Structure formats: C-alpha cells, structure tokens
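All values derive from a computational prediction rather than experimental measurement. Note on naming: letters A, B, ... go to the chains in the order of the sequence lines (proteins, then strands), and numbering restarts at 1 for each one.
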Protein chains: 2
Amino acid sequence: MGGHELSARGAGTRALILDAAVDAFAESGYAAASVREIAARCGLTHPALLYHFPTKAALLMAVLERRDSVGAPGGGMDALHGEDLLAHLVETAARNAAAPGIVELFATLAGEATAPSHPAHDFFVARYASLLGMVERAYRELAEDGRLTPGVDPADAARRLVAVMDGLQVQWLLDRSVDMAAGVAAQVSAHIVTPG
Amino acid sequence: MGGHELSARGAGTRALILDAAVDAFAESGYAAASVREIAARCGLTHPALLYHFPTKAALLMAVLERRDSVGAPGGGMDALHGEDLLAHLVETAARNAAAPGIVELFATLAGEATAPSHPAHDFFVARYASLLGMVERAYRELAEDGRLTPGVDPADAARRLVAVMDGLQVQWLLDRSVDMAAGVAAQVSAHIVTPG
DNA sequence: GTCTATATAGAGATAGAC
DNA sequence: GTCTATCTCTATATAGAC
C-alpha cells in the first residue's frame with residue numbers, strides 16, 4: 001500500500017514520545033519532569049519533541065487521554081452493571097500490579113492535580129466524577145437486588161471503594177508486597193450480602 | 001526573662017518560614033514550589049531563608065517533622081487501643097477538614113514521595129509503617145474482644161482503613177462537599193460487630 | 001540575621017538551517 | 001521531521017557587605 005513511510009514513522013515517534021513521557025511523569029511528577037529528559041529517552045532533542053506536542057501541558061494531556069482510551073477504568077465500564085462492575089475494578093487492580101508505570105503516573109498526578117492551576121486538574125475532576133458515578137450506580141443496582149449490606153449508602157460505599165483503590169496504590173508503590181487486588185476484593189465483599 | 005529578643009525573633013522567623021513552606025509545598029508540591037516564593041511569603045529574600053534552613057530538602061524535612069510532633073496521626077496514638085484508636089482516626093479526619101493546607105501537603109507529597117529518590121521518601125515509608133502497625137494492632141485488639149467482623153484480617157482491614165483516609169483526602173481536595181469524617185466512620189463501623 | 005550580587009545550572013519555548 | 005543555536009526566565013545555592 002503505497003509508501004507513506006515518513007508519516008508512519010511520524011506516528012511511531014509520537015507513540016515513542018508518549019511512552020517515554022509516561023515513565024518520566026510517573027517517576028518525577030509533571031512539574032519535576034522535563035521535556036528535555038523525555039526527548040532524550042527516545043533519542044530526540046527537545047525541539048523535535050515540541051514539533052509533535054506544542055507544549056509540555058499538551059504532552060501531559062495526550063498521555064492522560066491515551067491511557068483513558070486504552071486502559072481501565074473508563075473504557076467499557078458503562079456496559080457493566082452491579083457486581084460485574086465491582087468485579088471489573090478488582091481485575092483492574094490486579095492488572096495494575098503488573099504496570100507500575102501507570103500506577104505511579106496516576107498516584108503522583110492525582111496529588112499534584114488537586115491544585116486548581118494544574119494542567120490536569122479538570123481531567124482529574126472529570127475522571128473522579130465519572131468513576132464515582134459508575135461505582136455508585138453499581139452499588140444502587142446491588143441494593144435493588146437486596147444484595148447491598150443494609151444501612152450502607154451507595155454513594156458513600158462508592159467513595160470508599162475508589163478511595164481504597166487509590167490509597168492501596170500509594171501503599172503498593174511504597175511497599176510492593178501489598179496485594180492491591182486482594183484489598184479491593186475485600187472492600188467489595190465487605191458490603192455485599194450473599195442471599196441464603 | 002532576660003532579653004534574648006534576637007534569638008526569640010530568630011525562632012519566630014523559623015516558625016514563620018515553616019508556615020509559609022507548608023502552604024507552598026501544599027499548593028504546588030515539593031518540586032514545583034520554590035525557595036524564593038516561600039521566602040517572599042514571609043517578607044524575606046531567599047538567602048535569608050537559607051540561613052535558617054541550609055537546603056530546600058532540609059526545609060521540607062523540618063516541615064514534615066514539625067507536623068508529626070504537633071498533629072495526628074503519630075502523636076499520642078501509641079497510648080490508644082482498640083476502638084479508641086479507630087475513633088481517634090475519625091476525629092483526625094474531622095479535624096483535617098478544617099486544615100486544607102495540611103491535607104494538601106500530605107496528599108501531594110505522598111504521591112511525589114513514592115519515588116525512592118525523593119527527599120521525603122524515607123519519611124513516608126516510616127510513616128506508613130508506623131501508622132499501619134498501630135491500626136493493625138487496634139484491629140487485633142478488637143478481634144480479641146470478639147468485636148471484629150468474622151473473616152476479616154486485621155492487617156488487611158488496617159491497610160484499607162488507611163487507604164480510605166488517604167483516598168478520601170484526594171476526593172475532598174477535588175470536591176469539598178466530600179465528608180471525610182463520615183467516610184472514615186463508615187469504614188470503621190463496617191468491620192465492627194456490636195455484641196448483643 | 002538579613003541584604004545585594006552573583007555563580008551555575010536547568011527549565012520551556014522559538015528561529016531557522018537542513 | 002529533526003537538528004543547532006539561542007532567547008528568556010527561573011531555579012538552588014554561595015560570597016561577602018552591613
């Protein structure tokens with residue numbers, strides 16, 4: 001198919017830059033990582049990188065948006081309901097244990113991005129609103145089936161489940177012997193009553 | 001008593017610097033905050049600040065260590081046992097809702113400091129080890145009294161309670177309508193069985 | 001104890017050659 | 001699409017006057 005090797009290599013370079021940016025932002029955070037360092041990681045100079053992404057903030061947003069389209073949570077979770085959605089979060093935690101870079105990225109940025117002036121602030125506000133909304137819905141569906149522990153508020157349970165996921169990620173980054181998936185699973189089953 | 005106004009003012013300046021440093025590190029993180037900005041906040045130039053704290057990293061450590069001696073958790077928690085210790089964590093969460101600066105500081109730094117090269121890395125490793133140890137002990141004491149929900153592992157419950165505290169702090173920083181204390185209280189009561 | 005001035009280094013971003 | 005060279009700004013830290 002008719003030879004567009006230059007633009008193909010262009011797309012490859014973009015992906016290469018995004019991979020390097022994930023690592024750099026994960027290790028040092030957004031503020032401390034430098035465009036020069038990211039460019040060096042893929043054998044480029046920093047003007048070459050800025051040809052593909054006009055600013056450092058644009059690079060960060062591209063990193064975050066690519067991750068959201070590829071990984072969980074966010075992709076395909078709308079189709080899941082009730083216990084299936086909660087089980088999906090346990091799987092996500094298990095999968096994350098094999099991807100330290102992604103966990104570092106989000107744990108580091110979540111803290112930084114609480115500042116309203118941070119370029120990823122709006123992204124994280126939207127991300128949490130979406131995630132919390134979906135998990136709350138799952139708990140409500142569980143409640144309709146009489147499978148939610150009595151007296152538990154679905155919105156509160158959702159907040160705490162998401163908090164457990166985030167908090168265990170930090171603990172896991174400080175001590176890799178922490179079992180994130182087991183913790184999330186325990187948190188899920190703490191509020192589910194098995195009928196019978 | 002007996003006129004050491006210069007050294008008294010010296011101590012006052014130190015405290016002034018630490019207060020400004022808390023705010024700056026909280027708002028921007030350690031990497032993004034600058035010594036100049038912190039000095040300006042208390043009407044000093046940056047060499048004046050560096051007279052009191054030799055390096056930026058030393059300033060960060062002083063901030064963290066002062067907070068540990070003043071605030072919770074860490075101070076006086078060894079004397080608390082079982083349910084009292086867990087109740088103390090609920091009170092801490094309630095108190096934190098009135099101190100956004102402290103919450104921002106620890107939420108921002110916890111992410112940054114997962115990197116082993118971060119100046120506060122060892123501090124956070126030690127802090128989590130200590131905190132998790134105390135909470136786990138509280139859950140074990142609860143279990144001995146038959147008040148821990150059967151089948152719940154004290155170490156796992158401790159990890160998840162600390163994770164809820166941390167995770168709710170991030171959510172609260174993004175949306176101040178989140179009730180941190182209520183969430184922590186709900187997490188505590190989720191694993192306590194009231195005998196009778 | 002605080003200042004001005006400076007050393008040294010690195011940041012993000014742009015101009016223009018190839 | 002990538003480079004070299006450079007602009008401008010800011011950073012941490014130090015020297016030395018007061």
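The pair B/K56-B/E37 does not count as a salt bridge, with every side-chain nitrogen at least 4.0 angstrom from each carboxylate oxygen. Taking the charged nitrogens against the carboxylate oxygens, A/R137 and A/D78 have no contact shorter than 4.0 Å, which rules out a salt bridge. With respect to the salt-bridge test (charged N to carboxylate O, under 4.0 angstrom), the residues B/R140 and B/E144 do not qualify. Salt-bridge annotation for B/E91 and B/R95: absent, with no side-chain N of the basic residue lying under 4.0 Å from a carboxylate O of the acidic one. Under a 4.0 Å N-O distance rule, the pair A/D19/A/R66 qualifies as a salt bridge.
As a whole-Å value, the separation of B/L59 CG from D/dA13 P is 10 Å. Atom CZ of A/F53 and atom P of C/dG12 are 15 Å apart (whole Å). Look at CD on B/E37: it is 8 Å from P on D/dA11, rounded to the nearest Å. Between the CD1 atom of A/I38 and the P atom of C/dA11 there is a distance of 10 Å, given to the nearest Å. Rounding to whole angstrom units, NE2 of residue B/H52 and C1' of C/dG1 are separated by 6 Å.
The A/R36 side chain lies nearest to C/dA11 when the options are D/dA13, C/dG1, C/dA11. Of the listed nucleotides (C/dT2, D/dT2, D/dT14), C/dT2 has the atom at the smallest distance from the side chain of B/T13. Listed nucleotides D/dC3, C/dT4, C/dG12 differ in distance to A/L44; the shortest reach to its side chain belongs to D/dC3. Of all nucleotides listed (D/dA5, D/dA15, D/dT2), D/dA5 comes nearest to the side chain of A/P47.
Only one option out of B/L142, B/D156, B/L161, B/V152 pairs with B/H191 in a side chain to side chain contact (heavy atoms under 4.5 Å, CB included); it is B/V152.
The base of D/dA11 lies outside donor-acceptor range of the side chain of B/H46, with no N or O pair under 3.5 Å.
Interface residues of residues 16-35 of chain B facing DNA chain D, ordered by number: B/A33, B/S34, B/V35; criterion, heavy-atom separation under 4.0 Å.
Between B/R176 and B/P100, the shortest heavy-atom distance links the atoms NH1-CB, 3.8 Å.
Between A/Y51 and D/dG1 there is a side-chain polar atom (N or O) within less than 4.0 angstrom of OP1 or OP2.
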